[in-house]
2 protein chains.
Amino acid sequence: MTDPSAPDPGEADPGVLAEGVSAVLRHLVLLLRRTTAGQPVTSQQYAVLGSLEQGPRRMTELAEEHAVQLPTMTVQINRLEDAGLVARGADPADARVRTVELTGEGRARLLAVRRARIARLGQDLEALTERERETLAAALPVLAKLGRT
Amino acid sequence: MTDPSAPDPGEADPGVLAEGVSAVLRHLVLLLRRTTAGQPVTSQQYAVLGSLEQGPRRMTELAEEHAVQLPTMTVQINRLEDAGLVARGADPADARVRTVELTGEGRARLLAVRRARIARLGQDLEALTERERETLAAALPVLAKLGRT
DNA sequence: CAGCTAAGTTAGTTGGGCTAAGTATGACCG
DNA sequence: CGGTCATACTTAGCCCAACTAACTTAGCTG
């Protein structure tokens, strides 16, 4: 019951597969919750910082990328700004748009949190067999395709 | 940047793999958010209802299973009770414990939401090739093992 | 029975999402 | 060139979901 450890593969029927995927998704969500609790930034904040790694972005871009409404992103950025992790700027070509970019501290925090997360995930992955890791690696592109309708 | 569609598999090194998994996890979280928004129960409520499918459970069990503190589960169950989806009971052997079980309406709601979710996921899966579905099915047991340290 | 432990609840705070409404700037058109 | 519409954000107010601290009630144990 509600245990995703035996999804019985070998059956590639979409209906049956959907139930297995659903159970695994639930498991992964719980896993994520546990591994991100108590970090110096929440998982949402971490995700937003990640969007800023390549340079300044506008509010609308950020909201769209994270699938939230603009007001939600405004509040999110307010918090990050208060924490000194990002800074707002202006677009010289259009006075309506606000840009957001990482501060030095923000970039440092991003990298630190990323290192920690990757390390923790790496530990879990090391517990797998080589064969299992290959299986997982092969499935990543498929998972990435999901929902790109 | 931040696009998980090209995780470059074939490399089963834990470190490299961890980054790919991390990116895909982020993608799946966004996907989940989009597909569960505006449903008749939130994804948390749905998860709790799912825990009750096999029969009554105690508060502590539920909190533990969902990796939340007891007060969080109390509030959660309060809402579900107000909505008429679950009912509280008592343990005859220990007057301290409260049990929680599905009402008829709760069970109906659970099944309806599950059908909807499975159906939506099934659509995504149908868009994949047979080969991709097999790859995904093979990876499910591996994903389920993650975090079972 | 006194005192500790265990199970839940209540209260208060924070984060994160939403809609509705407001402000300011750009764009377009008569 | 001025009025109107559209765009980019922000503000305000709501709900859900997580947390800790503190309280109540019930069981357990010396």
Side-chain angles (χ1 to χ4, degrees), chain A residues 26 29-51 56-83 85-101 113, chain B residues 26 29-51 56-83 85-101 113:
Chain A
R26 179 172 159 198
V29 166
L30 285 180
L31 177 60
L32 256 191
R33 172 139 71 234
R34 277 191 292 265
T35 59
T36 62
Q39 295 247 81
V41 298
T42 68
S43 67
Q44 292 308 318
Q45 292 174 333
Y46 169 72
V48 172
L49 291 180
S51 293
R57 311 289 298 278
R58 23 160 63 192
M59 297 296 297
T60 40
E61 283 179 331
L62 291 174
E64 205 168 308
E65 182 169 331
H66 294 272
V68 298
Q69 300 299 313
L70 247 189
T72 299
M73 190 52 66
T74 292
V75 173
Q76 199 73 266
I77 295 299
N78 283 346
R79 272 193 286 261
L80 289 171
E81 195 176 24
D82 290 346
L85 303 182
V86 307
R88 276 186 169 91
D91 181 342
D94 187 338
R96 291 171 303 175
V97 340
R98 314 294 323 261
T99 59
V100 184
E101 61 186 325
V113 173
Chain B
R26 180 173 159 197
V29 166
L30 285 180
L31 177 60
L32 258 189
R33 169 139 73 235
R34 277 190 292 263
T35 60
T36 62
Q39 295 248 83
V41 299
T42 68
S43 67
Q44 292 310 316
Q45 292 175 331
Y46 169 72
V48 173
L49 291 180
S51 293
R57 311 289 297 278
R58 33 189 339 188
M59 298 296 297
T60 39
E61 284 179 332
L62 290 174
E64 206 167 305
E65 183 171 332
H66 294 270
V68 299
Q69 301 299 313
L70 249 187
T72 299
M73 190 52 66
T74 292
V75 173
Q76 199 74 266
I77 294 299
N78 283 346
R79 271 194 287 262
L80 289 171
E81 196 176 23
D82 290 347
L85 303 181
V86 305
R88 275 187 170 90
D91 182 342
D94 186 339
R96 290 172 304 178
V97 340
R98 314 295 322 262
T99 59
V100 184
E101 60 187 326
V113 173

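Labels below follow one simple rule: chain letters A, B, ... track the order of the sequence lines, proteins then strands, and each chain is numbered from 1. All of these numbers come straight from a predicted model, not from anything done at the bench.
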Side-chain contact, heavy-atom cut-off 4.5 Å: A:His66 with A:Val48?
yes
Can you figure out which of C:dT19, C:dG17, C:dG16 approaches the side chain of A:Gln45 most closely?
C:dG16
Report yes if the side chains of B:Val113 and B:Pro40 come closer than 4.5 Å at any heavy-atom pair, otherwise no.
yes
Which whole-number value in Å describes the distance from B:Glu64 CD to C:dG8 P?
11 Å
Heavy-atom pair with the smallest gap, counting every atom of B:Thr99 and B:Ala90:
OG1-N, 3.6 Å
Kindly indicate whether the side chain of A:Glu101, heavy atoms from C-beta on, has any atom under 4.5 Å from the side chain of A:Val86.
no
Roughly how far, to the nearest 0.5 Å, is CD of B:Gln44 from CE of B:Met73?
8.0 Å
Between C:dG17 (C1') and A:Leu62 (CG): distance, integer Å
16 Å
Starting at the 5' end of DNA chain C and moving along, which residue's nearest nucleotide shows up first, B:Arg88 or A:Pro92?
B:Arg88
Quick one: list whatever passes side-chain hydrogen bond (donor to acceptor under 3.5 Å, both in side chains) with A:Glu64, sequence neighbours left out.
none
Closest-nucleotide ordering on DNA chain D, the 5'-leading residue of B:Ala93 and B:Thr42
B:Thr42
Interatomic distance where CZ belongs to B:Arg57 and P belongs to C:dA7 [whole Å]:
15 Å
Residue list, side-chain hydrogen bond (donor to acceptor under 3.5 Å, both in side chains) with B:Asp91, at least two apart or on another chain
none
So how far is it from A:Thr72 OG1 to A:Leu70 CG, rounded to the nearest 0.5 Å?
8.5 Å
Enumerate the residues from residues 71-80 of chain B whose closest heavy atom to DNA chain D is under 4.0 Å, giving them by residue number; use none for an empty result.
B:Pro71, B:Thr72, B:Gln76, B:Arg79
Salt-bridge present (A:Glu65, B:Arg26; N to O < 4.0 Å)
yes
Any A:Gln69 side-chain nitrogen or oxygen under 4.0 Å from OP1 or OP2 of C:dA20
no
Is the shortest heavy-atom distance from the side chain of B:Arg57 to the side chain of B:Leu62 under 4.5 Å?
yes
Over how many whole Å does the gap from B:Arg58 atom CZ to C:dT9 atom C1' extend?
16 Å
Ranking A:Val97 and B:Ser43 by the position along DNA chain D of their nearest nucleotide, the one closer to 5' is A:Val97
Qualifying residues under side-chain hydrogen bond (donor to acceptor under 3.5 Å, both in side chains), relative to B:Arg79, sequence neighbours excluded:
none
Tell me which nucleotide among C:dC18, C:dT9, C:dT25 gets nearest to the side chain of A:Arg96.
C:dT25
Going 5' to 3' along DNA chain D, which nucleotides are the first and last within contact of chain A (any atom under 4.0 Å from a heavy atom)?
D:dT7 to D:dA18
To 10°, what angle do the rotation axes through the five end pairs on each side of the helix from C:dC1-D:dG30 to C:dG30-D:dC1 form?
0°
